[in-house]
Structure formats: structure tokens, C-alpha cells
Amino acid sequence: MNSRKSAARTERLQQRLDAGFVSAHFPEVASIVISMMYSQRGIQKALPRTVNFFPGSYALFRVDCLNKDCVDGGFDLTQIITAMIQNRREAAKGELSCVGNGSSADHSAIVYEVAIQYA
Ligand SMILES: [Zn+2]
């Protein structure tokens with residue numbers, strides 16, 4: 001493992017600790033499900049991924065990039081989800097590109113759907 005990547009991982013862990021729990025920020029939320037199709041440049045088949053958040057999860061709605069050469073990458077849905085909760089929306093969809101610095105720009109992207117259940 002290269003040191004940039006492990007530094008990024010340590011930072012990410014710290015971000016998670018700083019973020020706190022979903023229940024603390026959004027007590028009205030029962031669950032959040034992010035369903036996505038993850039696609040990497042050069043790989044034909046999109047990969048389905050699902051990430052679940054519960055009141056005891058860390059309130060850091062970030063999905064890792066699976067590209068092994070990617071540095072500081074990922075897909076940050078924090079603003080999207082925060083806005084949804086503020087407006088008490090239950091569903092949203094869209095697309096995001098990886099924000100990381102990988103071997104190539106635009107190396108991965110997701111098409112996502114977010115579903116939120118309120119308590
Ligand atoms: Zn990436």
C-alpha cells in the first residue's frame with residue numbers, strides 16, 4: 001500500500017469519527033438506502049452496489065471509488081442526502097463522477113438512487 005493512500009484512509013477514518021451518528025444529526029431518519037450502478041472506464045459491465053445507513057451509522061454519506069489507482073476518490077452524497085432530509089423527500093436519483101485523482105480523469109462514475117425512510 002502506498003503512503004498517500006494510507007494517509008487518505010486515516011483521514012477518512014477521522015472524518016467518520018468527526019461526522020458522528022445519523023441519529024444525532026437526523027433523529028427523524030429511520031433508514032437511508034443508496035442503490036447505485038458503479039461503472040469504471042474500461043470495464044464494460046456496471047456493478048450494482050447498495051449501501052445502507054441506519055440511526056447508528058456514521059453520518060458520512062460517502063461511497064468509495066473501487067479503482068485501485070484512485071487517490072482521495074469517492075462519491076460524496078452528503079449534500080444530496082442532507083437536502084433531501086431538510087425537504088423530507090423520500091427518493092432522489094442522479095449521477096456523480098469520482099472526485100479523486102486517479103490514473104485517468106473521469107475514470108469512474110455512479111448512477112444512484114437514494115431512498116429515505118422517516119421514523
Ligand atoms: Zn476514483
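The model shown is predicted, which means the values in this text are computed figures rather than measured ones.
Remark: the backbone N or O of Gln79 is not paired with any side-chain donor or acceptor of Thr82 at under 3.5 angstrom.
Residues meeting the side-chain contact (heavy atoms from CB on, under 4.5 Å) test with Asp18, sequence neighbours left out: Gln14. In this view, Asp72 satisfies the salt bridge (Lys or Arg N to Asp or Glu O under 4.0 Å) rule with no residue, not counting sequence neighbours. Listed by chain and residue number, Arg62 satisfy the side-chain contact (heavy atoms from CB on, under 4.5 Å) test with Val99 (two or more places apart in sequence, or in another chain). Scored by the side-chain contact (heavy atoms from CB on, under 4.5 Å) test, Gln44 finds no partners at all (sequence neighbours excluded). Not a single ring-ring contact (aromatic ring centres under 6.0 Å, His included) links Tyr112 to another residue, sequence neighbours left out. By the side-chain contact (heavy atoms from CB on, under 4.5 Å) test, Ala19 is found to be paired with Leu60, residues two or more places apart in sequence or in another chain being considered.
The closest side-chain heavy-atom distance from Ile34 to Thr50 is not below 4.5 Å. Looking at Val29 and Tyr118, their side chains come closer than 4.5 Å, going by heavy atoms from C-beta outward. Using a 4.5 Å heavy-atom cutoff, the side chains of Val33 and Val114 are not in contact. The side-chain heavy atoms of Met36 and Pro48, taken from C-beta on, include no pair separated by under 4.5 Å.
Residue pairs meeting the ring pair (Phe, Tyr, Trp, His ring centres under 6.0 Å) criterion with at least one member in residues 3-37, sequence neighbours excluded, are Phe21-Tyr58. Here salt bridge (Lys or Arg N to Asp or Glu O under 4.0 Å) pairs that include residues 75-85, with residues two or more places apart or in two chains, number zero. Pairs passing the side-chain hydrogen bond (donor to acceptor under 3.5 Å, both in side chains) check and including a residue from residues 29-39, sequence neighbours excluded, read Tyr38-Gln40. Note on residues 29-39: no pairs pass salt bridge (Lys or Arg N to Asp or Glu O under 4.0 Å), not counting sequence neighbours.
Going from atom CD of Gln86 over to atom CD1 of Ile81 covers 12.5 Å, rounded to the nearest 0.5 Å. Residue Arg41 holds its CZ atom at 10.0 Å from OG of Ser97, rounded to the nearest 0.5 Å. Note that SG of Cys98 is 9.5 Å distant from CG of Asp64, once rounded to the nearest 0.5 Å.
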**OP:** Take Phe75 and Ser108, measure what side-chain contact (heavy atoms from CB on, under 4.5 Å) needs, and give me the verdict at the end.
**Re:** CA-CA 10 Å; Phe75 309 95; Ser108 69; 3.6 Å; yes
Pairs of donor and acceptor atoms involving the side chains of residues 87-96, under 3.5 Å and at least two apart or interchain, shall be tabulated with distances.
{"unit_1": "Asn87", "atom_1": "ND2", "unit_2": "Ala83", "atom_2": "O", "d": "2.9"}
{"unit_1": "Arg89", "atom_1": "NH2", "unit_2": "Ala91", "atom_2": "O", "d": "3.2"}

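No continuous path of ILVMFWY side-chain contacts below 4.5 Å connects Val63 to Met37, so the two sit in separate hydrophobic clusters. With hydrophobic clusters built from ILVMFWY side chains whose heavy atoms lie under 4.5 angstrom apart, Leu47 shares a cluster with Leu77.
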